[in-house]
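So you know, we letter chains A, B, ... as the sequences are listed, proteins then strands, and number each from 1.
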Amino acid sequence: MGLDVNSIRSEFPILNRKLPNGKKLVYFDNAATSQKPQCVIDAMSRYYEEYNSNAHRANHTLADEATSALENARRTISSYFGTSPEQLIYTSGATEAINLVAFSWARENLSKGDVIVLTEMEHHADIVPWQQLSKDMGVEIRYVPINIENYFLDMAAFEIAVKDASLVCVVHTSNVLGIRNPVEEIIQMSHDSGAKVLIDCAQGAPHEQINFDDSECDFIAISAHKMAGPTGIGCLLVRKDAMEEMGPFMTGGSMIKSVTTKGSTFQEGHAMFETGTPRIAEAIGWGAAVEWLSQYDMEEVHSHIQEIASWTAEKMKNIEGITIYGDPKKSNSSGAVSFLHATIQSQDLALLLDEGGFAVRTGHHCAQPLMDALGVPSTNRISFWIYNTMDEAKSFVEHLEYVVKRFS
Amino acid sequence: MGLDVNSIRSEFPILNRKLPNGKKLVYFDNAATSQKPQCVIDAMSRYYEEYNSNAHRANHTLADEATSALENARRTISSYFGTSPEQLIYTSGATEAINLVAFSWARENLSKGDVIVLTEMEHHADIVPWQQLSKDMGVEIRYVPINIENYFLDMAAFEIAVKDASLVCVVHTSNVLGIRNPVEEIIQMSHDSGAKVLIDCAQGAPHEQINFDDSECDFIAISAHKMAGPTGIGCLLVRKDAMEEMGPFMTGGSMIKSVTTKGSTFQEGHAMFETGTPRIAEAIGWGAAVEWLSQYDMEEVHSHIQEIASWTAEKMKNIEGITIYGDPKKSNSSGAVSFLHATIQSQDLALLLDEGGFAVRTGHHCAQPLMDALGVPSTNRISFWIYNTMDEAKSFVEHLEYVVKRFS
Amino acid sequence: MEQRKWPKKLDPIVDEFAECFDSMERYELLFQYAKKNPSPLPIEDWSDSNQVHGCQSRAHVSCEIDENGRFLMRGGADAQIVQGLMSITALAVNGMSPDEVSQMSPDFTDAMGLKSTLTPSRSNGFLNMFNRVKEHAKNLK
Amino acid sequence: MEQRKWPKKLDPIVDEFAECFDSMERYELLFQYAKKNPSPLPIEDWSDSNQVHGCQSRAHVSCEIDENGRFLMRGGADAQIVQGLMSITALAVNGMSPDEVSQMSPDFTDAMGLKSTLTPSRSNGFLNMFNRVKEHAKNLK
Ligand SMILES: Cc1ncc(COP(=O)(O)O)c(C=O)c1O
Ligand SMILES: Cc1ncc(COP(=O)(O)O)c(C=O)c1O
């Protein structure tokens with residue numbers, strides 16, 4: 001069968017976009033955020049046009065419809081991630097999800113001297129909350145290095161670091177390198193050492209089918225906007241026993257059972273962690289995105305992306321002065337290709353690529369410790385998704401060759 | 001001139017909604033959330049259809065456009081609230097805004113024994129975060145009672161409570177009673193006692209023009225969704241000197257200056273409090289909402305609402321068994337009318353009103369201490385906004401009379 | 001026609017509701033049934049342990065097996081609509097075997113024309129009450 | 001026609017850019033100007049205090065008044081496009097009075113056809129660099 005990429009593209013209005021300079025948009029910044037199919041955009045508009053209402057305590061029809069839609073979205077999304085609605089806590093994104101673990105679980109269950117294992121490959125979202133915790137509580141942080149020959153985690157170092165650890169926080173797939181970490185092994189080894197595990201699936205979820213319950217992982221953080229969903233929403237998936245160990249984080253309406261001037265009691269389970277007016281339109285939009293995605297076989301989607309990425313990387317290697325960071329040919333790479341040119345500085349290159357219509361991310365990608373490990377201040381990064389085509393990749397390689405010839 | 005309410009209504013697609021039972025929707029649940037004009041819905045769709053991209057570190061055209069739109073929205077919104085963009089921190093809503101003050105300012109600047117003044121009229125969002133702080137840090141909470149004769153804050157009690165207080169947190173306008181508190185006086189008295197002031201403007205912002213800089217208030221919390229904006233966004237407005245006293249709250253990307261495995265340094269000002277992928281579509285939607293709202297004179301909007309509310313309340317008082325909580329005739333009431341019937345229980349009444357097409361909120365309205373003060377477990381509440389009409393109010397009163405006749 | 005999944009003795013009640021002219025009449029009928037609770041739970045017996053959660057109004061249910069080994073549900077609620085549904089449920093389940101109760105479906109409310117009033121996200125708690133009764137029945141088996 | 005708000009000596013440069021066939025040619029020209037910096041800031045003088053913030057690439061600017069009371073801007077950047085703009089800015093401001101510098105507008109970049117490349121949200125920092133120079137000028141007045 002194969003994916004019908006042309007038909008998929010036709011569902012994304014933005015992919016017809018002409019840039020102000022007349023060039024057709026070639027969107028290669030998918031690791032930063034994905035584009036949205038019309039059905040996702042429409043699901044949110046329909047909510048606002050037909051049944052917008054504050055959810056919960058529904059005593060009127062609109063509130064009933066909004067609440068049902070919110071909770072149906074929770075069912076759709078949790079089931080897509082292989083778990084039950086009770087294990088899903090809506091957050092504003094992966095960043096808030098990780099902060100939630102730091103505030104609700106770690107502050108309640110760790111104490112001075114306890115060890116948290118991170119890697120050099122983490123996104124700042126999975127570093128800074130732990131550094132803050134370390135400052136406040138005196139927990140120790142160990143960083144597992146990467147092997148800069150093959151860009152893999154140094155699993156021998158991990159094995160040592162995980163001893164006596166209480167919490168292990170690892171990125172599923174690096175947003176810079178596209179490297180997919182051996183999370184199954186990491187979860188197993190962490191549990192063997194008695195540590196809880198948080199996997200940052202911000203990049204993983206758009207590229208493979210995550211099965212939370214099967215993974216036996218304790219916490220998984222996900223952002224909707226990188227997987228065809230809207231901005232402003234994401235989730236933390238939490239195993240039952242871990243959830244029972246969590247204390248409240250942000251507090252206010254909805255998460256309470258009762259409030260008096262003497263004190264308050266809280267809801268149990270995921271409801272304790274969701275306060276204030278819910279992200280109703282966002283949840284509905286994400287639900288629609290997940291429904292849209294679930295019509296495709298993620299392995300097929302992955303091979304499609306992988307084919308483009310490995311072809312592109314191979315061609316780029318032949319261009320004078322280009323260095324690639326990561327191993328895009330590896331079959332489980334997410335297809336993010338980080339690169340630099342020897343003489344054209346990364347920002348200059350970004351502008352020269354933009355001039356050709358190519359949306360390419362440039363900078364430290366919120367992963368400065370990884371940049372330090374690679375010995376560079378920044379990289380250019382192209383990253384592909386379901387709607388990208390080999391033709392786009394070809395035109396990119398041509399434009400890059402042209403730019404390098406003219407400007408290096 | 002007067003408002004052209006019919007023309008305004010035509011901008012809100014949902015107001016043409018027919019409910020499943022064939023009745024026309026009459027939306028009287030505006031204090032829970034407002035409806036959105038087409039231009040707000042379209043602004044968000046347009047973002048997703050034409051220039052969706054992750055913001056910041058913009059090196060390509062789409063990212064540039066998204067970042068500009070995000071920051072233009074900040075300018076539009078902050079200017080509407082009479083302050084500069086630097087004083088506005090985007091949050092997910094008023095609840096997160098208040099939690100931000102608790103985590104970032106209070107935890108840094110208060111200590112055991114310090115006094116926080118609340119009122120009995122607060123929404124749970126402005127109670128529970130302080131109770132948590134009290135549990136964790138031993139700060140003392142004083143609740144200013146309301147006078148249950150006229151439903152006003154007991155300002156004599158406030159005057160006593162504010163002595164030696166470090167922080168005063170007061171709701172601008174009660175979501176249950178519609179009562180607008182004398183916030184100018186409260187701010188003055190608090191500052192005179194050396195206390196900082198947080199005003200919860202979730203209900204205030206949709207009903208009057210908030211001028212943050214002029215108010216001299218230290219913190220103001222606002223939700224977009226109650227003022228024609230989307231779900232999932234709101235803000236905390238913070239005075240410059242208060243912002244300088246705040247420490248980081250949630251951490252991760254964007255809010256940092258540099259991250260190394262040794263430690264991190266943070267951005268200054270509002271950027272320190274915004275981490276992760278921004279609520280881009282939401283900010284754009286809220287910006288459009290504020291632009292839409294700013295074509296109207298809020299005093300005119302207020303009189304329109306007030307006229308409907310006071311007329312309706314007056315008529316309701318004549319219905320056998322109806323008690324009204326609050327003083328909707330007061331000229332600065334927000335037009336929220338809380339009521340109960342002597343024999344028809346509030347939830348039964350809600351369903352009977354819903355059957356007529358009337359969306360009415362019922363419950364404790366996240367204000368259980370206020371319910372306790374009023375001596376009731378819940379109320380029914382109707383609340384009006386710019387697009388409501390006297391005809392809707394008339395049909396509501398008729399239906400209520402009919403229900404009371406038939407079911408009491 | 002769909003199969004009726006409720007005890008035969010509910011048929012007249014279901015028909016009575018189904019024949020109502022509109023929702024207002026159905027509500028009126030529920031208000032009437034609220035007064036016909038065959039086995040009320042006196043207010044002084046309303047406790048935290050027999051409270052139905054997720055119900056915005058107060059609703060309490062307690063179940064037992066009577067001397068003849070038959071199921072007996074006692075209920076009370078401050079909202080008439082919930083109370084009416086409780087009465088009807090009690091009329092149905094009282095006298096059944098716990099096994100029969102544990103297999104009952106709440107479909108009769110659909111047939112009564114109350115579907116939209118009783119969606120899971122309406123916080124009137126009928127479904128919670130009903131599930132509570134079935135849980136009791138399972139535990140009493 | 002819009003009034004030219006830049007020093008006359010920039011006219012030939014502005015014209016040179018305005019006559020470019022497309023953006024690629026303009027960028028090429030900027031790369032060339034990057035090499036013609038009249039007053040470079042040697043890398044060993046790049047410090048935290050003269051770094052231009054909000055600029056993703058490294059850019060440093062330091063300003064002084066020379067013995068003749070004339071403004072002198074020294075700059076260095078690792079990105080050629082920013083460096084090219086710095087060179088052109090230096091060509092413009094060097095030799096001006098601080099007062100003149102503090103009143104300069106960055107409009108010449110629009111006339112050069114670089115508007116879309118230099119929006120405030122592009123993190124290439126040209127505007128930050130330019131404002132930094134003007135601030136210096138104000139302080140040196
Ligand atoms: C007075 C008041 N404060 C705070 C809130 C909380 O706002 P949100 O749910 O948008 O965070 C509300 C809204 O319900 C409110 O009415
Ligand atoms: C690996 C990784 N973790 C975490 C995040 C943070 O996600 P968000 O910005 O949606 O909170 C990102 C996205 O940039 C990411 O790539």
Side-chain angles (χ1 to χ4, degrees), chain A residues 13-14 17 19 29 32-33 35-36 41 45 48-50 52-54 57 59-62 92-93 95-96 99 124-125 127-129 131-132 143 223 225 230-232 250-253 256 258-261 263-264 275-277 279-282 347 350-351 354 359-360 362-363 366 368-369 372, chain B residues 13-14 17 19 29 32-33 35-36 41 45 48-50 52-54 57 59-62 92-93 95-96 99 124-125 127-129 131-132 143 223 225 230-232 250-253 256 258-261 263-264 275-277 279-282 347 350-351 354 359-360 362-363 366 368-369 372:
Chain A
I14 203 171
R17 172 77 196 273
L19 300 180
D29 194 14
T33 199
Q35 298 303 339
K36 329 299 171 197
I41 304 170
S45 299
Y48 286 124
E49 287 166 10
E50 295 177 11
N52 168 64
S53 171
N54 214 323
R57 313 207 151 259
N59 283 299
H60 60 76
T61 303
L62 247 49
S92 64
T95 301
E96 184 178 315
N99 276 275
H124 293 165
I127 298 177
V128 193
Q131 291 182 336
Q132 287 301 102
Y143 293 89
S223 286
H225 69 91
T231 58
M250 286 194 268
T251 57
I256 57 99
S258 77
V259 176
T260 71
T261 54
S264 304
T275 184
T277 297
R279 300 158 170 93
I280 309 171
E282 289 89 340
Q347 252 202 87
L351 287 174
D354 182 49
V360 170
T362 302
C366 297
Q368 286 183 345
D372 292 345
Chain B
I14 204 171
R17 172 76 196 273
L19 300 180
D29 194 14
T33 199
Q35 299 303 339
K36 329 298 172 199
I41 304 170
S45 299
Y48 286 125
E49 288 166 10
E50 296 178 10
N52 169 64
S53 171
N54 214 324
R57 312 207 151 262
N59 283 299
H60 60 76
T61 304
L62 247 49
S92 63
T95 300
E96 184 177 315
N99 276 275
H124 293 165
I127 299 177
V128 192
Q131 291 182 335
Q132 286 301 103
Y143 294 88
S223 286
H225 69 92
T231 58
M250 286 194 269
T251 57
I256 57 99
S258 77
V259 175
T260 72
T261 54
S264 303
T275 183
T277 298
R279 300 158 170 94
I280 309 172
E282 290 88 340
Q347 251 202 86
L351 287 174
D354 181 49
V360 171
T362 301
C366 298
Q368 286 184 344
D372 291 346

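Looking only at heavy-atom pairs under 4.5 Å with chain B, the residue among A/Thr61, A/Thr362, A/Asp372 that has the most is A/Thr61. Highest contact tally toward chain B, considering only A/Glu96, A/Glu282, A/His225, A/Lys36, is held by A/Glu282 [criterion: heavy-atom pairs under 4.5 Å]. Chosen from B/Gly93, B/Gly363, B/Gly263, the residue pairing most often with chain A at heavy-atom distances under 4.5 Å is B/Gly263. Contact count against chain B (heavy-atom pairs under 4.5 Å) is highest for A/Ala359 among A/Ala125, A/Ala359, A/Gly276. Contacts with chain B were tallied for A/Thr95, A/Ile14, A/Asp29; A/Ile14 has the most, counting heavy-atom pairs under 4.5 Å.
Only the backbone of B/Val360 comes within contact range of chain A, with heavy atoms under 4.5 Å apart. For B/Glu49, the parts sitting under 4.5 Å from any heavy atom of chain A are the backbone and the side chain alike. With a 4.5 angstrom heavy-atom cutoff, A/Ile280 touches chain B via backbone and side-chain atoms both. For chain A, the nearby parts of B/Ser258 are the backbone and the side chain; heavy atoms of each come within less than 4.5 Å. Only the side chain of B/Gln132 comes within contact range of chain A, with at least one heavy atom under 4.5 Å from a heavy atom of that chain.
The closest donor-acceptor contact from the side chain of A/Asn99 to the backbone of B/Thr251 lies under 3.5 Å.
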>> For B/Ser45 and A/Ser45: C-alpha separation, side-chain torsions, deciding distance, then whether side chain to side chain contact (heavy atoms under 4.5 Å, CB included) applies.
In response: CA-CA 7 Å; B/Ser45 299; A/Ser45 299; 3.0 Å; yes
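Taking every heavy atom of both residues into account, A/Pro369 and B/Thr261 meet most closely at CB-CG2, 4.1 Å. Shown here for A/Cys366 and B/Gly253, the closest heavy-atom pair between the two residues is SG-CA, 4.0 Å. Scanning both residues, B/Asn59 and A/Ala350, for their nearest heavy atoms gives CB-CB, 3.6 Å. Minimum interatomic distance between B/Leu62 and A/Gln35 (heavy atoms only, all atoms of both residues): CD2-NE2, 4.0 Å.
With rounding to the nearest 0.5 Å, the separation of CD in A/Gln131 from CD1 in B/Ile256 is 10.0 Å. Atom-to-atom distance recorded for A/Arg279:CZ and B/Arg279:CZ is 6.0 Å, nearest 0.5 angstrom. Between the OG1 atom of B/Thr231 and the CG atom of A/Asn54 there is a distance of 9.5 Å, given to the nearest 0.5 Å. Distance check: B/Arg17 CZ to A/Asn52 CG gives 11.5 Å after rounding to the nearest 0.5 Å. Note that the OH atom of B/Tyr48 and the CD1 atom of A/Ile41 stand 8.5 Å from one another [nearest 0.5 Å].
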